[in-house]
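Taking it in order: structure first as structure tokens, then the write-up.
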Amino acid sequence: MAKVTLQKVVKSYDGKQQAVKGIDIDIADKEFVVLVGPSGCGKTTTLRMVAGLESVTGGDILIGDKRVNDLPARDRDIAMVFQNYALYPHLSVYENIAFGLRTRRHSAEDIEARVTEAGRILGIADFLKRKPKELSGGQRQRVAMGRAIVRHPQVFLFDEPLSNLDAKLRAQMRTEIKRIHQTVQATTLYVTHDQIEAMTLADRIVMMNHGVIEQIGTPDEMYHHPASRFVAGFIGSPPMNFFDCHVVQAGSGLALRLADGTELVLPEDRAKRYAQWRDKAMVFGIRPEDLGLATEAARPDQVMPVTIEVAEPLGADTLLYFPLGDTFACARVDPHAPTAVGQTVTLAPNLAHMHLMEPEHGRVV
Ligand SMILES: Nc1ncnc2c1ncn2[C@@H]1O[C@H](COP(=O)(O)OP(=O)(O)OP(=O)(O)O)[C@@H](O)[C@H]1O
Ligand SMILES: [Mg+2]
């Protein structure tokens with residue numbers, strides 16, 4: 001197994017615009033790193049450069065301690081699973097998995113041992129004699145992973161491997177991939193635009209936007225300490241609410257004045273932290289789960305009255321949507337609370353979990 005290092009890696013397809021603009025990523029041995037970001041941000045390009053399927057315009061890529069920029073893909077000891085994996089329809093599952101080993105002239109015993117092992121790890125041992133068309137979508141996906149696993153590569157690369165599956169199967173395969181990684185323990189770089197996949201699978205998440213890295217961190221760090229509005233809005237579902245606000249003096253402390261005139265008095269530590277933003281227009285970020293219905297214990301100077309426009313009962317909790325200024329916001333509340341569309345309710349934001357951002361660049365301060 002091996003670490004993978006990207007140093008100031010640049011990719012330009014046409015010599016002018018850069019799809020990847022000088023990124024640095026250090027993936028530790030056995031680490032599972034998820035590259036996440038919106039469509040076109042450079043995820044696949046980055047992965048293909050690591051795989052050796054795309055040339056590197058600038059910077060260096062190292063596998064272990066070896067610079068691989070000019071090493072052909074087949075010599076990199078990497079296995080890649082794509083979104084559109086193609087199985088050979090006329091070959092059995094066994095032969096599909098064995099195919100790459102046969103072309104690399106592994107011995108019959110070695111192939112037998114590796115395919116059997118992969119079948120066991122992937123839970124498809126009973127299907128090895130079947131043809132791909134006799135399998136479900138999830139089972140086919142596992143065969144595609146089997147082809148990668150039997151190679152015993154130093155590094156696994158995945159490019160949106162689950163995006164062709166339905167929601168239930170995706171969730172199942174997500175767990176499966178996590179279990180497989182725990183068994184196989186290979187260094188993995190996994191691309192997705194699905195933040196839930198990123199959160200559930202990653203040891204660390206690399207968040208890309210327009211060819212640059214916005215933030216690298218553990219799922220926990222990305223969720224609780226986003227560096228920017230972009231990250232804050234991408235990770236978490238429903239996404240974080242963003243309210244335009246003014247930071248204003250309130251007694252000896254500070255408050256946030258929202259678009260409807262509501263003032264939220266900041267806890268002391270936050271007031272200290274945000275002192276330099278007094279009298280500035282800022283953005284107040286708060287997640288739906290930190291926006292519950294006010295109880296009697298709530299401080300009256302830390303609540304927001306809002307009128308519910310849409311209610312979505314999810315079973316475990318209920319999402320309430322309400323307008324405030326230019327924002328159509330969401331609160332995640334107790335499903336047993338008596339709430340109805342058109343009703344005005346009082347929300348109590350958990351200001352210990354709030355975020356304050358500069359409106360211009362979206363930097364969290
Ligand atoms: N072969 C190519 N030639 C020219 N431009 C390309 C090529 N491949 C990708 N690009 C451009 O590079 C940028 C990054 O593309 P890339 O495929 O890496 O995005 P992505 O993050 O994987 O997006 P998605 O989530 O849609 O798969 C895009 O602007 C894309 O149009
Ligand atoms: Mg892509």
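Starting from 1, each residue takes its place in the sequence as its number. Counting convention: from 1, in listed order, for ligands and their atoms alike.
Note on ring orientation: taking the six-membered ring where Trp is involved, the planes of Phe322 and Phe243 are parallel (angle under 30°, cut-offs 30° and 60°). In this pair, Phe158 and Phe32 present their aromatic rings parallel. The plane angle is below 30°, not in the 30 to 60° band. Using cut-offs of 30° and 60° on the angle between ring planes, the pair Tyr88 and His90 is perpendicular. The aromatic rings of Tyr321 and Phe328 sit parallel, their planes meeting at an angle under 30°, below the 60° perpendicular limit.
Between the OG atom of Ser252 and the CD atom of Glu268 there is a distance of 7.5 Å, given to the nearest 0.5 Å.
Not a single donor-acceptor pair under 3.5 Å links the side chain of Glu263 to the backbone N or O of Ala255. With Arg179 contributing its side chain and Ile121 its backbone, the two residues share a donor-acceptor pair below 3.5 Å.
Protein residues with a heavy atom under 4.0 Å from ligand 1 are Tyr13, Ala19, Pro38, Ser39, Gly40, Cys41, Gly42, Lys43, Thr44, Thr45, Glu160.
Using a cutoff of 4.0 Å between basic side-chain nitrogens and carboxylate oxygens, Arg170 and Glu197 are scored as salt-bridged.
The salt bridge (charged side-chain N to carboxylate O under 4.0 Å, His left out) test with Glu358 singles out one residue from Arg363, Arg229, Lys280, and that residue is Arg363.
Protein N/O/S atoms found under 2.8 Å from the Mg ion (ligand 2), listed by chain and residue number: Thr44 OG1.
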